Structure formats: C-alpha cells, structure tokens
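Sharing a structure with you now.
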Amino acid sequence: MPARRSPWALRRTLVLATVALITTAALVIGIVSVVSVQSILMGRIDAQLTAATSRSTDAVGPDPGQTPPGGSSSPDFIRTLGQSVGTLGAVSVDGTIVAAAYLDSNLNSPVLTGRQVAELQDAHIGSAPTTVYLGATLGNYRAVALKLDSHVSIIVGLPLADLEATISELVLAVLAVTVTALVLAGAGAYALVRLSLRPLERVAGAATAVSSMTLDRGEVALAVRVPDADADDSTEVGRVGAAINRMLEHVSHALTARQASEDKVRRFVSDASHELRTPLASIRGYAELTRMGGQELPEDAAYALGRIESESQRMTSIVEDLLLLARLDEGRQLEREPVDLTSVVADAVSDARASAPDHSWRIADGGGAVVVLGDRQRLFQIVMNLLANARVHTPAGTNVTASVTVEGESEARRAVVTVHDDGPGIDPDLVGAVFERFARGDSSRTRATGSTGLGLAIVQGVAAAHGGAASVTSEPGSTTFRIELPLTEGAPE
Ligand SMILES: Nc1ncnc2c1ncn2[C@@H]1O[C@H](COP(=O)(O)OP(=O)(O)OP(=O)(O)O)[C@@H](O)[C@H]1O
Ligand SMILES: [Mg+2]
C-alpha cells in the first residue's frame, strides 16, 4: 500500500526545498567569505610581521654580538620606532628562549610569564610565520624566528586578536544575514506556492463538484466547468484545467446521449403499452359478446373462450402495470391531493378480506387519520399490491396485519404503512432484488397464480414518486413491507 501523503505534500515540499536551497547557498557564501577574508587578513599580518622582523633586525644591528647573551635584558628591539602595540619579541640562544617581552598599550614592555615562554618555546617557531597560542591574556600570536648567528636567533610576533575579532564579527554578520534570508525566503516561498497552487485548488474544486453529482440516472445537466482563467493552455495548471474541461464536455455529451436513448426506450414502452390497450379491450369485448350471445357453445369452445377472457384480462393488467412504470420513469407528475392513508388501508384490507376469506386480515390499532399529499388511486393500488402478495405468496390461514403510523420528529416526520404476514417469507436469494422489475420467486405456486413480478416495482415507483421509499425485511414466519411517505405539513395525525 502506498504511504498516505499529506494533502499539503506539494506545498510543503516546495517550501522546504526552497528554504533548504537558500540555506545551502547562504552557508556556502558565508563560509567562502569568512575563509577568504581570514586568509587575506592573515596575509596582511604576515606582511606586517615581515616588516616588524626587519625593523627588529635593524634595531639589533649588524653585529649579533651586541645582543646581550644570557637573557638578562628584555628584547629591546620591540621598542624601536614603528613597532605596533602588542608586538612580541624574544631572544633564543641555542634553541632556548632566554628573554621574551611584548609591547603593551602604554609602550612598556612587560616580560612574558614562564608559562607563556614555555608555550612559545614549545611552538618551535621557524623561519615561516606560525600561529601560536600564548594563554588567555595574550591569545593567539603570529610569530616568526630569525637566526642572527649560529647561536642566537630572535623571535618576532604580532597579535591575532584584531583579526579574530574581525572574523567573529563577520561570522555573526553572515549568520544574521542567513537567518533573515531564511525567514524571508520561507515566508516568500510559502506565499508564492500558495498563490501558484490556488488555481490547482479551483481545478480540484470543479472535479470534486462533479464527483458529488448523481450521473448514473435521470436527466443530468453537467454544467460544471473549470473557469476559463484556470483552463489556459499556456500554464501547467491551465493545461490540467483545460484537459478536465474537455473531459467534462465529453462526459456531458455521453450523458445526454444516454439520456436520449433511455427516453426513447421509455417512450417506446409507454407508447406500445398504450397502443396495446385498445386491441386488448376489443379481444375482451368480443369474447364477452360471444359468451353472452345466447347460443349453446360446445364445452371445449366455452373453455377456450373462458381462457381467452382471463388471459386477456391478465395481459391488460400487465400492460397497465408497464404503462404506469413507464410513466413513473418519465417522471410524470401524479395527483397531489390530501389522502387519508388510514382510510386507504382500511378499504384495501376490507377488499382483501372479501376476496380471500381463508387468510386472517387485521388492521393494527392506529391513532386516527394520517394525511399525505398524493394520488389516492395509486396509493390504494400499492397497498393492494402488498396485500395481494401476502395473499398469493402465503398459504391459507396466514395472519396478515396492516398498520398506519407516524414516525420521526418535526421536519423528518413521515407516514409509515406496514404490511406484515407470518407466512413462509421471501426466498433469501430474492430478498435483495424483490423491488426490481420482473423479480419473482419461482415456486410452482407462484407460477400457477400467474405472477409477473411487477407488483413491488410499482410499489417502489409510486412511493418514490411521492418522495418516499419502500423497504422489506423478511424471515420465515415474519415478512414486513414498509412504505414511508413524507407527511403533509400540519396535517392532523
Ligand atoms: N408476502 C410475501 N411472502 C413471500 N414472498 C413474497 C411476498 N411478497 C412478495 N414475495 C415474493 O416477491 C416476488 C415479487 O413480488 P411482486 O409483487 O413484485 O411480483 P409478483 O407478486 O410475483 O407478481 P405481480 O405482483 O406482478 O403479479 C414474488 O414473486 C414473491 O416470490
Ligand atoms: Mg405481487
């Protein structure tokens, strides 16, 4: 499974990458400048050291013999004209420092402490300038040794304190500039990335709007498009936007074509059913006419006539069902008048009781009138369909109970009609598809009764046309169909 990426991944990556690049650049520039400034300054100090050394040798004079051997006096050459404050001088005889002093700011020349001398001694200073640490007071020195003769040499040093101060100031300045640049670059990159990703968000918004639309059925007006400004082929985001617009255009055409062909099929079914009504009525009429004609018919002809009548009756009811379904599909508006469901159910149950006395029919105690806005005839038909199922698909002696109740609170209040029976229940394989057209159980009993499987499709279609829904729960010994309908505002219960 791919790792889940944060929704801001791109934004964060861009900002972090910018900040990282700028940090690297600032650090490289900073380090290079510090190193080169240090080497320039060091070069300068070395040049000064050369000058100081030559002044010192001048002061010592051409004859090294004048230098007091044995280290009793301080190296006076550091006090010659031109030597700068801090200049260090030492005299070394046979490799051992015998005298060492430096020029302080009052132009005195204090002698180095034993420790400082030891540091100087340990540095083994040669003819090339060397950096040597002389303890906390004096700090780092740049020093060079010059042989005066085979025994005596002098050491001249210059303090590095100024150079070090300059370098630390430079480092501080570089750090300050780096941090400021980072903060500015971070904020700038964030704002810039936000700004440049905003069109992408609008494009995503358009795609999201489409994904929440119902496209699988009904008339679809796919009017959502990415705004022109975000569908400009000359930018990267614009190309995405333009591609999405082309795709939407394509999908929209496909949906329109789908809708047109569905409409055509529906109109065909509705026209065909309508056209079949008249010839069917004629067949029924002629059969009836012949039977009532008064002549004595042979027994088999009378039987055939009876079959013609009953089958044309059945076909008429199938055609009526198909026509109703086709009209519901077309979205044709049903009547909308106040209908009292309690009286609808009472009438239906009493009809069922009359036609099937071998079942036990009951109406659960209700709380009086439950009024919905709708088509009384169609509502009566769907309750009849449920009761007919409870009669046809259950054995004699089954108890059938119908009820009308009101459920839910305020806005969500709805009228609920239930039809419950304690028959064998619906085949578990069928239960999920029971509201689909021509879905029926294949028991021999069902076939014998000539069931078509349109009854429940009509129940659902009519309920939906009223803004409601139908559902079922079934297990052996308990099957309950439910029709939920929105309740009329302020209707009495
Ligand atoms: N109360 C019930 N008990 C058991 N099975 C049922 C019940 N109601 C419906 N069914 C099953 O559901 C199937 C579909 O019912 P539906 O009313 O849609 O069609 P039908 O009754 O077979 O035919 P039609 O109602 O069009 O004459 C039925 O064939 C039957 O198998
Ligand atoms: Mg039925």
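Numbering of ligands and ligand atoms starts at 1, following listing order. Please read all numbers here as calculations on a predicted model, not as lab measurements.
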Inset, instruction - Mind listing the protein N/O/S atoms less than 2.8 Å away from the Mg ion (ligand 2)? Waters don't count. - result: N389 OD1
Legend entry - Closest candidate by heavy atom, reference atom 6 (C) of ligand 1, pool D427, T480, I426: I426
Legend entry - Proximal ligand 1 atoms for A439, defined as those under 4.0 Å from one of its heavy atoms: 13 (C), 14 (C)
Inset, instruction - Considering non-hydrogen atoms only, spot the tightest contact between V224 and L248 and give its length. - result: O-CD1, 3.2 Å
Result block: side-chain N/O donor-acceptor pairs under 3.5 angstrom for residues 163-173, not counting sequence neighbours:
{"from": "E164", "atom 1": "OE2", "to": "N140", "atom 2": "ND2", "distance (Å)": "2.7"}
{"from": "T166", "atom 1": "OG1", "to": "D162", "atom 2": "O", "distance (Å)": "2.8"}
{"from": "S168", "atom 1": "OG", "to": "E164", "atom 2": "O", "distance (Å)": "2.7"}
{"from": "S168", "atom 1": "OG", "to": "A165", "atom 2": "O", "distance (Å)": "3.3"}

Inset, instruction - May I ask you to check whether L430 has an N/O atom sitting below 3.5 Å from an N/O atom of ligand 1? - result: no
Inset, instruction - Run the salt-bridge test on E330 and R266 with the 4.0 Å N-O cut-off and return the result as yes or no. - result: no
Inset, instruction - Using a cut-off of 6.0 Å, state whether more than 12 heavy atoms not belonging to E337 lie near its atom CD. - result: yes
Legend entry - N or O contact, N389 vs ligand 1, cut-off under 3.5 Å: yes
Inset, instruction - Assess G423 for proximity to ligand 1: is some non-hydrogen atom of it under 4.0 Å away? - result: no
Legend entry - V434 neighbourhood, listing ligand 1 atoms whose heavy-atom distance to it stays under 4.0 Å: 12 (O)
Legend entry - Qualifying residue for side-chain hydrogen bond (donor to acceptor under 3.5 Å, both in side chains) with S403, from T342, T418, D365: T418
Inset, instruction - Identify, by atom number and element, the atoms of ligand 1 in contact range of G453, meaning under 4.0 Å from any of its heavy atoms. - result: 18 (O), 19 (O), 20 (P), 22 (O), 23 (O), 24 (P), 26 (O)
Inset, instruction - Please say whether D421 places an N or O atom under 3.5 Å from an N or O atom belonging to ligand 1. - result: yes
Inset, instruction - Would you mind checking if R284 and E288 are paired as a salt bridge, meaning a charged N to carboxylate O distance below 4.0 Å? - result: no
Inset, instruction - State whether the side chain of D233 and the backbone N or O of R239 hold a donor-acceptor pair below 3.5 Å, judged by distance alone. - result: no
Inset, instruction - For the pair H359 (side chain) and P395 (backbone), establish whether a donor and an acceptor sit closer than 3.5 Å, ignoring hydrogens and angles. - result: yes
Inset, instruction - Please identify which atoms of ligand 1 are closer than 4.0 Å to at least one heavy atom of S451. - result: 20 (P), 22 (O), 23 (O), 27 (O)
Legend entry - Nitrogen or oxygen of L454 less than 3.5 angstrom from that of ligand 1: yes
Legend entry - Electrostatic pair E249:R225 at N-O distance under 4.0 angstrom: yes
Inset, instruction - Taking atom CZ of R44 as the centre, report whether more than 12 heavy atoms of other residues, nucleotides or ligands fall under 6.0 Å from it. - result: no
Inset, instruction - Check whether any N or O atom of G441, backbone or side chain, sits under 3.5 Å from an N or O atom of ligand 1, and answer yes or no. - result: yes
Inset, instruction - Output yes when the distance from some N or O of ligand 1 to some N or O of G455 is under 3.5 Å, and no in every other case. - result: yes
Inset, instruction - Return yes if a side-chain donor-acceptor contact under 3.5 Å exists between Q259 and D263, otherwise no. - result: yes
Legend entry - R440 N/O under 3.5 Å from ligand 1 N/O: no
Legend entry - Heavy atom of F435, distance to ligand 1 below 4.0 Å: no
Legend entry - Contact with ligand 1 for N385, non-hydrogen, under 4.0 angstrom: no
Inset, instruction - Report yes if some N/O of T479 lies less than 3.5 Å from some N/O of ligand 1; otherwise report no. - result: no
Inset, instruction - Would you indicate whether M213, at its atom CE, is surrounded by more than 12 heavy atoms from other residues, nucleotides or ligands within a distance under 6.0 Å? - result: yes
Inset, instruction - Could you grab the distance from atom OG of S478 to atom CG of D421, nearest 0.5 Å is fine? - result: 8.0 Å
Inset, instruction - Quick one: pull up CD1 in I45 and CD1 in I40 and give me the separation to the nearest 0.5 Å. - result: 13.0 Å
Legend entry - Atom indices of ligand 1 within 4.0 angstrom of G425 heavy atoms, with elements: 4 (C)
